[in-house]
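Beneath this line is the structure, given in C-alpha cells, with notes to follow.
These figures come from a predicted structure and were not determined experimentally.
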Amino acid sequence: LINSAYGLGETVVSGTVDPDQYILDKNGRGINRHLGKKECKIIYGEKETIKVSVEPRQQREWTLNKDKLRKLYEIGENIEKIYGKPMDIEWAEKENKIYVVQARTITTINKSEPRVHEREKIKLSKIAKKNLAFNLEHVPYAYYPLDFEVSMVLAQEKQKLFNEMGITLGESYEINENGCVTLGNTKVKINKNIIHILKTIKNYTDIERNKEKGKKILNQCNLQLNKYEQLEMKDKTLSECAEIFKALLEMQRNIGYARFRYFIFPAVIIGKKLKKYLKGEENFTEYDLLSDLSYRTWEINQDIKKLADELKYEINDEDKIKSLSLEQLSTIGKEKIANFLKKHGYKSNYNCYPFSGISWNENKKEFLQLLKTTMESSGVDKSNKKYESVINTLKKNTGRNQKEVLYKAEYYRECHVYREESQYMWEKCYAILRRVLNEVSVKLQIPKESLWFLMFSELLLVCERGSISNEEIKKIKMRKTHRGEAENYWQELGTLVIESGSKENIITGVNGSSGGASGHACVVLGKEDFSKLKKGDILICNCTSPEWTPLFSIASAVVSDTGGALSHAAIVAREYGIPAVLGTGNATFRIHDGDKIYVDGTKGKVMLLNAK
C-alpha cells in the first residue's frame with residue numbers, strides 16, 4: 001500500500017491532504033489506485049516550512065508512474081526481508097532518486113481483523129464479489145456513522161425476504177465503536193423455510209397481486225413524503241425532530257419492502273425464466289428487455305437534453321455558451337430550470353448516503369454544471385431500437401405460451417420502472433432527513449458535519465433528551481480521528497472484486513450492456529477529465545452518476561471499476577446502445593489513455609490489444 005503527495009511528507013502523515021493511493025499485489029502488479037485531491041503541499045521556506053497551494057493541473061496528475069511504483073515495491077520487499085516482518089516505510093523522491101528516511105515495525109495491525117489488502121486472508125464467493133462491485137458504485141466513500149444505520153434499512157428489508165425463501169444472509173457490513181465500517185459475514189445459510197420455497201416463489205410471481213399491493217404502498221408513501229416535504233422545520237423542537245426522524249425511517253422501510261417484495265424479487269425470478277427464450281444469434285440477456293423504456297433515469301436524461309437544447313436555441317451562440325458562468329446560466333434559464341428541479345430535483349450525487357449525500361435541490365451548482373456540460377457536448381443522439389429485436393427473438397423462441405411470456409416481459413419492464421421510482425422516493429426521503437438534521441444542528445449549535453459522527457440511534461437519544469452530553473462529544477472527536485482509517489479501508493475493498501486468476505491481457509467484469517466495440521481508451525476519473533473524451537473513445541472510469549450521462553453520447557463503450565447490471569452506467573449504456581463491462585475492480589489502473597482495447601459487453605470481458 002503506497003501513499004504519495006507533493007512536497008514534504010508531513011501532509012501525508014498528518015492527514016492534511018488526500019494523497020494518491022496505490023495497491024500492489026505480492027508480485028508488484030498494480031491492482032487498484034485512488035487519485036487524491038492533493039490541494040496543498042508543504043515546502044521549505046526561508047526560515048521554516050510553509051504550506052502552499054498545488055496547481056489544479058498537478059492535482060489531477062498521478063504523483064507516481066509505473067517505474068517509480070516498481071522501485072518502491074522492490075525497496076519495500078527488501079526492507080521486509082531484512083527485518084523479517086511487515087514494515088511501515090517513509091520515503092522521499094527528488095530528481096528521480098528515491099530516499100528511504102524511516103522504517104519501523106507496523107504495530108497497528110489487528111491480528112483478529114486482517115487488513116483488506118492482505119487478500120489471501122479474505123475469500124469472497126463470486127456472488128459476494130459481484131454484490132461488492134455493485135455496492136461500490138453507489139457507495140464510493142466510507143459511510144459516516146450517521147449514514148450507516150439508515151442506509152442499512154433497505155438491506156434489512158431484502159434480508160427479511162430472503163429469509164422467507166429459506167436463505168439466511170449475514171450482515172453485509174458492520175460498524176465498530178470507532179465508526180469504521182468493515183465487511184460483515186458474507187456467508188449464506190439455509191433455514192427451515194426452504195421447504196416452502198416453491199410456494200414462496202409462486203406467491204412472489206403473482207403479477208396482478210404484486211401490482212396491486214406494491215403500487216398501493218408506494219402511493220401511500222408518496223402522499224406521506226409530500227406532507228413532510230411541506231413541514232416548516234424551524235418550528236419543531238428537538239423531540240419533535242426525533243419523531244420525524246423515526247417516521248421517515250419507518251417510511252424508508254415501507255419503500256424498501258415494496259421495492260423488493262413486489263418488484264425486484266419478482267423481476268429477478270421472472271427475468272431468469274425469460275432469459276432462456278432470448279438465446280440466439282445476438283445472445284440477448286433479460287436486461288436487454290429494458291431497452292427503449294421510459295423510467296425515471298431515462299426521463300431525467302431526456303429532460304436535461306431537452307432543457308439544454310432549448311437554452312442553446314435561445315442563446316444561439318456556441319462561443320457565448322462556452323464562456324457562460326454557472327450564475328449566468330442560472331439567470332438565463334431561471335424559469336425552465338426551476339420547473340426541471342420541481343420534477344427531478346431530489347436526484348442526488350450518491351443515493352445511498354442519507355446524511356452526507358446531497359441532491360440537486362440542495363446543491364444547484366452540481367446540476368448547473370451538468371446542464372452546461374450537456375449544452376457543450378458534441379455528442380449525437382444515438383437511436384437505440386434494440387427492444388424491437390429483443391421482442392422478436394422472444395416471439396420466435398416461444399410456442400403456444402407466447403401470450404404468457406410476452407405478458408411476463410411487460411411486467412418485467414414495469415418492475416424496472418418502479419425500481420427506479422422507488423429509488424427516487426428514498427432520495428426524496430433522505431433529502432427531508434437532511435433538512436431535519438440541519439435544524440437539529442442549529443438547535444444544538446454543532447456543525448452538521450460533526451453530527452455525522454454519531455450513530456443514528458445516538459442522535460435520536462440526543463434529540464429526545466434535548467441536549468448533547470460530554471460523552472457524546474467525546475465519541476464525535478474520537479471517531480473523527482479514525483476517519484482516515486475508515487476511508488483507507490473502504491478504498492481497499494475494491495481489490496477484493498478482482499479476479500486473481502485474470503490473464504495479463506484480459507480484464508474480467510460483469511455484463512452491463514451487450515455488444516462489442518474496439519477503440520482507444522480514455523481514462524476519466526472525475527468531472528475535470530470530461531473534456532478528454534473524444535467521439536469514439538472507450539470510456540474507462542471508476543463509477544458514474546447522472547452528471548456523466550453526456551459522455552455516453554460520445555463514447556463507443558464503457559468500462560468501470562464498480563457497478564453491476566442494474567447500475568447507473570449499465571442503465572445508461574443500454575439506453576444509448578453501447579457495450580458496457582462493469583465491476584472490473586481495477587480497469588482504471590490497468591488501462592491507460594490511448595491503449596487499444598476491445599470491450600465484449602456480452603461476456604463481460606475487456607481485452608487489452610496493445611496496452612502501453
Side-chain angles (χ1 to χ4, degrees), residues 32-35 132-141 287 290 295-302 304-305 344 347-353 357-360 366-367 369-374 377 379 382 384 419-420 423-424 427 491 494 497 507 509-513 515 517 519 521-534 537-589 591 593 599 601 604 606:
N32 199 7
R33 63 178 176 174
H34 161 73
L35 183 67
L132 180 58
F134 178 78
N135 289 340
L136 288 175
E137 183 193 47
H138 298 278
V139 194
Y141 63 85
Y287 301 117
L290 304 178
Y295 50 90
R296 176 68 69 163
T297 299
W298 181 88
E299 287 175 4
I300 289 174
N301 294 340
Q302 292 299 308
I304 288 174
K305 183 69 169 60
H344 301 301
K347 196 67 190 168
S348 49
N349 52 358
Y350 296 113
N351 58 54
C352 289
Y353 299 105
I358 194 164
S359 68
W360 288 335
E366 286 285 331
F367 170 71
Q369 186 59 62
L370 168 58
L371 179 59
K372 190 169 188 291
T373 303
T374 306
S377 174
K382 295 184 179 179
N384 177 18
R419 174 190 182 273
E420 289 282 299
Q423 177 180 303
Y424 188 77
E427 289 180 281
Q491 287 169 13
V497 304
I507 297 174
V510 176
N511 164 9
S513 179
C522 180
V523 182
V524 179
L525 297 171
K527 290 178 288 185
E528 63 277 359
D529 293 333
F530 281 8
S531 60
K532 284 171 52 181
L533 190 75
K534 306 302 178 190
D537 282 351
I538 294 175
L539 171 63
I540 314 295
C541 57
N542 178 255
C543 62
T544 69
S545 60
E547 60 193 337
W548 291 63
T549 301
L551 302 187
F552 286 73
S553 66
I554 301 171
S556 60
V558 178
V559 179
S560 75
D561 292 342
T562 60
L566 290 174
S567 64
H568 176 269
I571 289 170
V572 180
R574 286 194 294 268
E575 180 184 326
Y576 281 92
I578 59 176
V581 175
L582 313 172
T584 62
N586 64 348
T588 55
F589 196 116
I591 302 173
D593 284 339
V599 178
V606 180

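Not counting sequence neighbours, the partners of His138 by the ring pair (Phe, Tyr, Trp, His ring centres under 6.0 Å) test are Phe134. Every residue was checked against the salt bridge (Lys or Arg N to Asp or Glu O under 4.0 Å) condition with Glu420, not counting sequence neighbours, and none meets it. With sequence neighbours excluded, the residues forming a side-chain contact (heavy atoms from CB on, under 4.5 Å) with Val524 are Cys522, Asp529, Phe530, Leu539, Trp548, Leu551, listed by chain and number. With sequence neighbours excluded, the residues that form a side-chain contact (heavy atoms from CB on, under 4.5 Å) with Asn135 are Tyr173. For Arg419, there are no salt bridge (Lys or Arg N to Asp or Glu O under 4.0 Å) partners two or more places apart in sequence or in a different chain. Evaluation of the salt bridge (Lys or Arg N to Asp or Glu O under 4.0 Å) rule for Lys532 yields Asp593 as partners, not counting sequence neighbours. In terms of the ring pair (Phe, Tyr, Trp, His ring centres under 6.0 Å) criterion, residue partners of Tyr353 (sequence neighbours excluded) are, by chain and number, Tyr141, Tyr143. Remark: His344 engages Arg296, Asp303 in a side-chain hydrogen bond (donor to acceptor under 3.5 Å, both in side chains) (not counting sequence neighbours). With sequence neighbours excluded, the residues satisfying side-chain contact (heavy atoms from CB on, under 4.5 Å) with Ile358 are Asn349, Glu362, Asn363. Every residue two or more places apart in sequence or in another chain that forms a side-chain hydrogen bond (donor to acceptor under 3.5 Å, both in side chains) with Asp561 is listed here: Asn542, Thr588. Under the rule for a side-chain contact (heavy atoms from CB on, under 4.5 Å), the partners of Asn511 that lie at least two apart in sequence or sit in another chain are Thr285.
To the nearest 0.5 Å, atoms CD1 (Ile300) and NZ (Lys347) are separated by 5.0 Å. Rounding to the nearest 0.5 angstrom, the gap separating the CG atom in Asp537 from the CD1 atom in Ile554 is 9.0 Å. If you take CG on Leu136 and OG on Ser567, they are separated by 11.5 Å, rounding to the nearest 0.5 Å. Here CD of Glu366 is found 11.0 Å from OG of Ser348. Values are rounded to the nearest 0.5 Å. Note: Trp360 CH2 to Glu427 CD = 9.0 Å, rounded to the nearest 0.5 Å. Taken to the nearest 0.5 Å, the CG atom of Leu533 stands 8.5 Å off from the OG atom of Ser556.
Between Phe552 and Asn301 there is no side-chain heavy-atom pair separated by less than 4.5 Å. Leu370 is listed as a side-chain neighbour of Pro550, based on a closest heavy-atom distance under 4.5 Å. Residues Ser560 and Cys541 meet the side-chain proximity criterion, which asks for heavy atoms closer than 4.5 Å. For the pair Thr549 and Tyr576, the minimum side-chain heavy-atom distance is below 4.5 Å.
Contact between Glu137 and Ala569 at its shortest, heavy atoms only, is OE2-N, 3.7 Å. A pairwise comparison of heavy atoms in Ile538 and Ala517 identifies CD1-O, 4.0 Å as the closest pair. Considering every non-hydrogen atom in both His568 and Thr544, the closest pair reads ND1-OG1, 2.8 Å. When all heavy atoms of Leu582 and Gly564 are compared, the pair lying nearest together is CD1-O, 3.1 Å. Smallest separation of non-hydrogen atoms from Cys352 and Val139: CB-CG2, 3.9 Å. Nearest heavy atom pair, residue Val559 against residue Ala587, reads CG1-CB, 3.7 Å.
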Which is it for Ile304 and Phe367 under the side chain to side chain contact (heavy atoms under 4.5 Å, CB included) test, yes or no, and what are the steps along the way?
CA-CA 10 Å; Ile304 288 174; Phe367 170 71; 4.2 Å; yes
